[in-house]
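Report on one structure; see the data block that follows.
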Amino acid sequence: MTTDKELLELAAKAAGLTNLVYCPAWKCMAEYDEHGGFYKWETYWNPLARDSDALQLGILARLSIKHGITSTGAKGGLISCEQGFSKEFEEGGQDPFITIRRAIVQVAAEIGKAMP
């Protein structure tokens with residue numbers, strides 16, 4: 001998985017959000033109608049950018065978030081799931097939530113990738 005589009009699509013699958021489609025103009029997942037196109041901007045979903053969507057994804061994908069020290073000794077934590085996928089994150093930078101949101105999406109995307 002190399003693009004945010006792929007991450008979001010697989011994470012949505014892991015969360016069971018089958019009514020959402022990636023919108024390249026908005027760079028997020030949104031509802032789509034074949035006749036009307038993308039609609040309901042207020043219902044867009046992007047756990048890479050919005051804390052509330054990342055929390056929702058973590059709950060729906062049944063992720064575990066543990067804070068502490070990473071294997072490199074940095075302050076951070078670990079996102080993991082029952083299926084055995086995990087991702088360490090390090091806190092830092094101007095917005096430490098960016099790293100945590102991305103780690104949540106990456107682990108959820110691994111779950112989605114493994115789903116039939």
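Just so it is clear, the model here is predicted, and its values are computed rather than measured.
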(request) List the atom of Lys27, the atom of Tyr22, and the distance in Å for their closest heavy-atom pair. (result) CA-OH, 3.4 Å
(message) Please give me the minimum heavy-atom distance between Asn46 and Cys28, naming the atom from each residue.
(response) CB-CB, 3.8 Å
(message) Under the salt bridge (charged side-chain N to carboxylate O under 4.0 Å, His left out) definition, can you give me all pairs with a residue in residues 11-22, not counting sequence neighbours?
(response) none
(message) Less than 4.5 Å apart, side chain to side chain, heavy atoms only: is that true for Arg102 and Phe89?
(response) no
Check residues 92-101 and write down every donor-acceptor pair under 3.5 Å in which the side-chain atom is one partner and the other belongs to a residue at least two apart or another chain.
unit_1 : atom_1 : unit_2 : atom_2 : d
Asp95  : OD1    : Phe97  : N      : 3.0
Arg101 : NE     : Leu48  : O      : 3.0
Arg101 : NH1    : Asp51  : OD1    : 2.6

(message) Could you tell me if the side chain of Leu7 sits less than 4.5 Å from the side chain of Gln106, heavy atoms only?
(response) yes
(message) For a quick test of reading the model, state the closest non-hydrogen atom pair linking Ile79 to Ala103 and the distance between them.
(response) CG1-CB, 3.7 Å
(request) Write down the atom of Leu57, the atom of Ala15, and the distance for their closest heavy-atom approach. (result) CD1-CB, 3.8 Å
(request) Specify the closest pair of heavy atoms between Ile104 and Gly58, including all atoms of both residues, with the distance to one decimal. (result) CG2-N, 4.2 Å
(request) Can you measure from CD1 (Ile65) to CG (Leu78) and round to the nearest 0.5 angstrom? (result) 10.0 Å
(message) In the structure I gave you, are the side-chain heavy atoms of Thr72 and Glu90 within less than 4.5 Å of one another anywhere?
(response) yes
(request) Mind checking the CG-CG spacing from Asp53 to Leu55? Nearest 0.5 Å is all I need. (result) 9.5 Å
(message) Would the distance check show the side chain of Glu6 and the main-chain N or O of Thr3 forming a donor-acceptor pair, the cut-off being under 3.5 Å?
(response) yes
(request) Measure the spacing between NZ of Lys87 and OG of Ser80 and express it to the nearest 0.5 Å. (result) 13.5 Å
(message) Given 3.5 Å as the limit, does a donor-acceptor pair link the side chain of Glu88 with the main chain of Ser71, or not?
(response) yes
(message) Please determine whether a side-chain nitrogen of the Lys or Arg among Arg62 and Glu82 lies less than 4.0 Å from a carboxylate oxygen of the Asp or Glu.
(response) yes
(request) Locate the shortest heavy-atom distance separating Ala108 from Ala14; write the atom from each residue and the value. (result) O-CB, 3.2 Å
(message) Test of understanding: with side chain to side chain donor-acceptor pair (under 3.5 Å), list the residues that count as partners of Lys5, not counting sequence neighbours.
(response) Glu9
